[in-house]
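The structure appears right after this line, and notes come after that.
In the text below, chain A, chain B and the rest are named by the order of the sequence lines, each starting its count at 1.
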Amino acid sequence: MALKLYNTLARGKQEFLPLNPPYVGMYVCGPTVYGHSHLGHARSYITYDVLYRYLSYIGYKVKYVQNITDVGHLAGDRDVGEDKIQKQARLEKTDPVEIAYKYETSYFDDMDRLNVARPSISCRATGHIMEMIEHIKGLLDKQKAYVTKEGNVYFNVRSYKEYGKLSGRTLEEASEGERIEVAKDKINPEDFALWKAAEKEHLMQWPSPWGMGYPGWHIECSVMSNKYLGETLDIHGGGLENSFPHHECEIAQSEALYDKTFVRYFVHHNMLTVDGSKMGKSLGNFIILKDLFKKTDPMVLRFYILQGHYRSPLDFTDEALNASAAGFERLKNSIFSLRKTVTDDFQNSDSISEEDYPDIKRVKEDFLSAMDDDINTPIAISVLYELMKISNVELSSDDKDMNKLALINRLATLFAEEILGLKIGSVRSQSKEDELIELFIEMRNDFRKNKNFAMSDKIRDDLKGIGIILKDGSSGTTYSK
RNA sequence: GGCAACGUCGCCAAGCGGUAAGGCAGAGGUCUGCAAAAUCUCUAUCAGCGGUUCAAUUCCGCUCGUUGCCUCCA
């Protein structure tokens with residue numbers, strides 16, 4: 001059994017073999033920090049978080065690098081539009097650097113709530129201007145780029161014969177789509193900017209051998225991934241919409257300089273739509289995570305996202321989210337009941353083996369082979385439900401096998417929390433409130449024993465009134481808040 | 001206009017050559033003082049039309065529909 005990933009470069013699934021096992025270098029396109037994170041960010045970073053967790057689980061030492069784009073880029077190479085960060089700074093009447101820092105903090109705050117592990121290295125574009133300049137100089141030395149009299153530096157796409165190998169586009173196709181006027185100083189329309197000369201009023205600009213300016217919009221990923229992971233990355237992840245031109249240009253400018261394979265496995269996740277159409281500020285269906293979290297548990301969102309495969313388009317609707325919330329609630333309750341029964345004595349008994357329980361063994365194999373198959377989380381989750389079904393049956397048995405339950409508990413924790421990153425919570429962290437509820441349950445059960453159902457129902461109804469649901473099982477009363 | 005992807009039960013969503021996982025919702029049974037929970041059982045031939053094949057949801061073609069990329073975007 002081995003992990004297979006869909007490699008965009010190969011247009012198919014391939015067994016994952018890192019260059020220098022057990023080390024894995026993984027680079028994922030990070031956010032441009034000019035606004036609060038939205039649903040699309042959640043899908044993206046949850047996807048790579050699970051990949052990261054799974055790679056770690058199967059024994060790899062993963063160095064996970066993610067950039068923070070804090071240089072506001074123009075709309076492409078074409079001198080139109082405005083620097084996004086600068087624009088936001090103008091709107092908020094503050095400094096671009098302050099904007100970048102504010103939204104970077106906001107981003108990590110949202111990711112923390114989604115239980116997305118921090119990358120090993122988070123690097124900012126503005127901290128690597130020197131390296132970018134060096135990279136560009138290298139490309140100029142190799143005649144892969146040229147400087148124009150306006151002070152712009154462009155990559156000469158025709159000098160790199162493999163351009164298009166990721167997206168499958170030819171140069172002709174790439175330029176046919178041009179709908180916006182091409183910058184006048186390019187030799188060929190498909191050439192892209194490595195360095196742009198800055199107007200005086202442009203707030204973020206740096207000195208360079210070609211005058212004051214700022215980096216082009218692809219260069220940071222090539223430069224920072226090289227700095228922290230070397231010339232060849234095992235995995236590069238990002239959104240499908242970035243495969244062309246962003247990733248295509250990254251490959252070109254990296255391979256042209258180093259003459260080495262830039263990326264072994266290019267992983268792209270699909271887009272998220274809202275109510276059937278692309279999420280966009282102008283479309284009025286733009287969902288900011290901070291707003292969503294006011295009414296939705298971040299773990300429900302995480303669960304919802306993982307119920308779809310990362311390479312399929314995912315449509316976000318309230319109805320579907322609610323269905324996931326109900327399903328996740330049931331899963332959590334099952335795990336709670338399990339944890340309540342499995343005592344501390346059994347918690348850490350590693351001697352119990354799934355070899356003794358064929359049904360559990362099969363579930364474990366199914367879960368791992370789902371993950372091995374291009375991180376198929378929807379199937380992994382369905383296997384988790386199977387595991388909880390086995391657990392529930394065992395829990396309601398008169399003659400519980402505590403070893404089996406402990407084993408199930410261990411696997412449930414491994415699958416749900418460690419690999420899928422779904423925080424379930426602990427029954428052990430009892431608050432005063434929980435102790436009080438337990439007290440009421442004891443009182444009520446005394447009433448029930450004495451057939452005083454008027455009182456026992458009153459307790460149950462009153463607790464329900466404040467949102468606490470009691471459930472009488474064969475092994476005692478449980479509750480959910 | 002060019003290039004892709006997708007269309008599977010009421011809803012969400014896997015599978016992608018050998019006659020359809022799972023979740024939500026729904027129906028019925030068991031358990032229970034009742035309720036809830038849990039559990040058991042039940043509910044689809046895969047947009048349409050052709051073709052390839054012993055065999056197609058799974059491959060090919062066409063049609064219809066939806067979405068995305070080609071311009072910053074996760």
Side-chain angles (χ1 to χ4, degrees), chain A residues 28-32 34-35 37-48 69 72-78 80-84 87 167-170 172-180 217 237-246 268-273 276-281 303-304 307-309 311-317 319-331 333-334 337 366 370 373 376-386 388-389 391-393 395-397 448-449 451-453 456-457 460-461 464 469-475 477-480:
Chain A
V28 171
C29 288
T32 301
Y34 68 106
S37 302
H38 57 249
L39 270 181
H41 293 106
R43 156 102 117 158
S44 171
Y45 301 114
I46 286 170
T47 295
Y48 299 108
T69 301
H73 296 296
L74 293 191
D77 311 319
R78 295 170 177 97
V80 290
E82 185 182 8
D83 174 328
K84 284 178 292 188
K87 183 179 175 190
S167 59
R169 286 166 202 261
T170 63
E172 290 66 35
E173 284 170 1
S175 45
E176 261 173 29
E178 303 292 346
R179 294 189 309 213
I180 293 171
W217 49 293
L240 199 58
E241 86 287 355
N242 273 334
S243 86
F244 185 88
H246 186 56
H268 287 106
H269 63 275
N270 215 133
M271 298 294 92
L272 180 142
T273 54
S277 56
K278 176 182 168 151
M279 183 171 72
K281 278 178 181 154
F303 183 74
Y304 176 66
Q307 271 192 309
H309 186 78
R311 278 192 296 109
S312 298
L314 176 68
D315 189 38
F316 181 88
T317 61
E319 193 185 3
L321 185 69
N322 289 336
S324 278
F328 184 55
E329 184 66 23
R330 195 165 75 86
L331 200 61
N333 286 153
S334 294
S337 312
D366 287 350
D373 185 16
N376 196 327
T377 54
I379 290 189
I381 286 173
S382 78
V383 175
L384 192 54
Y385 274 102
E386 271 181 58
M388 296 329 293
K389 193 177 220 170
S391 172
N392 287 329
V393 169
L395 279 170
S396 57
S397 143
R448 289 174 69 206
K449 252 177 230 153
K451 304 240 187 269
N452 186 346
F453 297 122
S456 72
D457 286 351
R460 186 174 62 199
D461 292 343
K464 191 179 177 184
I469 313 292
L470 298 190
K471 290 167 278 194
D472 299 323
S474 60
S475 56
T477 302
T478 57
Y479 62 92
S480 58

At under 4.0 Å between heavy atoms, what does Gly40(A) touch on the DNA or RNA strands: base, sugar-phosphate, or nothing? base

Quick check: closest heavy atoms across Lys84(A) and Tyr34(A), and the distance to 0.1 Å? CD-CZ, 3.6 Å

Find the distance between CG (Leu331(A)) and CD1 (Ile381(A)) and round it off to the nearest 0.5 Å. 8.0 Å

Taking any heavy-atom pair under 4.0 Å as a contact, classify Asn333(A): base, sugar-phosphate, or nothing. nothing

If you assign each of Thr317(A) and Lys464(A) to its closest nucleotide in RNA chain B, which residue comes earlier from the 5' end? Thr317(A)

Counting side-chain heavy atoms from CB outward, which of G33(B), C73(B), U67(B) is closest to Thr273(A)? U67(B)

Note: Ser167(A) and Phe244(A) closest approach over all heavy atoms is OG-CD1, 3.5 Å

Can you work out whether Asn322(A) or Asp457(A) has the more 5'-proximal nearest nucleotide on RNA chain B? Asn322(A)

What nucleotide, of C69(B), A35(B), C12(B), holds the atom closest to the side chain of Glu241(A)? C69(B)

Across all chains, not counting sequence neighbours, the side chain to side chain contact (heavy atoms under 4.5 Å, CB included) partners of Leu240(A) are His268(A), Asn270(A), Met271(A)

Does a distance-only test, which skips hydrogens and angles, find a donor-acceptor pair under 3.5 Å between the side chain of Arg460(A) and the base of C34(B)? yes

From CG of Leu470(A) across to P of A36(B) the rounded distance in Å is 14 Å

Across every strand shown, the nucleotide meeting Watson-Crick or G-U wobble geometry with U32(B) (both distances under 3.5 Å) is none

Please work out if Leu384(A) contacts a base, only the sugar-phosphate, or nothing of the nucleic acid, heavy-atom cut-off 4.0 Å. nothing

Can you tell me how far P in U39(B) sits from the matching atom in A25(B), rounded to whole Å? 13 Å

P gap between C12(B) and A56(B), integer Å: 28 Å

Does Ala370(A) offer a backbone N or O that forms a donor-acceptor pair with the side chain of Asn376(A) under 3.5 Å? no

Let me know the distance between CZ of Arg311(A) and C1' of A13(B), rounded to the nearest Å. 15 Å

To the nearest angstrom, how far is Glu319(A) atom CD from A25(B) atom P? 11 Å

Give me the distance, rounded to whole Å, that separates C54(B) from G28(B) when you measure between the C1' atoms they each carry. 41 Å

Summary of protein contacts for nucleotides 14-23 of chain B, nucleotide by nucleotide, where a base hit scores B, a sugar-phosphate-only hit scores S (4.0 Å, heavy atoms): SS-----BSS

If you take atom types as modelled and just measure distance, does the side chain of Lys87(A) reach the base of C72(B) with a donor-acceptor pair under 3.5 Å? no

Nearest whole angstrom, please: distance from the P of C73(B) to the CG of Leu39(A). 19 Å

For C72(B), which nucleotide is its Watson-Crick or G-U wobble mate, given both distances must be under 3.5 Å? none

I need the minimum non-hydrogen distance between Pro378(A) and His309(A), along with the two atoms involved. CG-N, 3.4 Å

Consider ring pair (Phe, Tyr, Trp, His ring centres under 6.0 Å). Of Tyr304(A), Phe303(A), Tyr385(A), which one does Phe328(A) pass it with? Phe303(A)

Which atom pairs link the protein and nucleotides 43-48 of chain B when you take only N or O atoms and keep those under 3.5 Å?
none

One thing to verify: whether Asp457(A) and Arg460(A) come together as a salt bridge, which I'm taking to mean a side-chain N less than 4.0 angstrom from a carboxylate O. yes

Both distances below 3.5 Å, Watson-Crick or wobble geometry, any strand: find the nucleotide opposite C42(B). G26(B)

Would you check if Ile469(A) and Lys464(A) make a side-chain contact, meaning some heavy-atom pair closer than 4.5 Å? yes

Asp472(A) (side chain) and A35(B) (base): donor-acceptor pair under 3.5 Å: yes

In whole angstrom, give the distance that lies between atom CZ of Phe244(A) and atom C1' of C70(B). 7 Å

Tell me which nucleotide among A13(B), C72(B), A74(B) gets nearest to the side chain of Lys84(A). C72(B)

Nucleotide A38(B), atom P - distance to CD of Glu329(A) in whole Å: 10 Å

Looking for any heavy atom pair under 4.0 Å, which part of the strands does Ser277(A) touch: base, sugar-phosphate only, or nothing? sugar-phosphate

Nucleotide of G33(B), U39(B), C73(B) approaching Val393(A) most closely (side-chain heavy atoms): U39(B)

Identify the nucleotide, in any strand shown, that forms a Watson-Crick or G-U wobble pair with A56(B), with both distances under 3.5 Å; if there is none, say none. none

Quick check against the 3.5 Å criterion: does Ser337(A) have a side-chain atom that pairs as donor or acceptor with the backbone of Asn333(A)? yes

Nucleotide paired to A4(B) in any strand shown, Watson-Crick or G-U, under 3.5 Å: U67(B)

Rounded to whole Å, how long is the line connecting atom CG of Asn392(A) with atom C1' of C31(B)? 14 Å

With a 4.5 Å limit on heavy-atom distance, are the side chains of Glu386(A) and Lys389(A) in contact? no

So, is Lys471(A) near the phosphate of U32(B), with a side-chain N or O under 4.0 Å from OP1 or OP2? no

What integer distance in Å separates Arg43(A):CZ from G68(B):C1'? 12 Å

Please state the P separation for the pair C9(B) and U58(B) - nearest whole angstrom. 15 Å

Ile469(A) side chain, from C-beta outward: closest of C12(B), A74(B), A36(B): A36(B)

Using purine N1 to pyrimidine N3 plus N6-O4 or O6-N4 for Watson-Crick, or N1-O2 and O6-N3 for G-U wobble, each under 3.5 Å, what pairs with G61(B)? C49(B)

Would you mind telling me which of C34(B), C73(B), C12(B) lies closest to the side-chain atoms of Tyr304(A)? C12(B)

Could you check if a side-chain atom of Trp217(A) sits within less than 4.5 angstrom of a side-chain atom of Thr69(A), using non-hydrogen atoms only? no

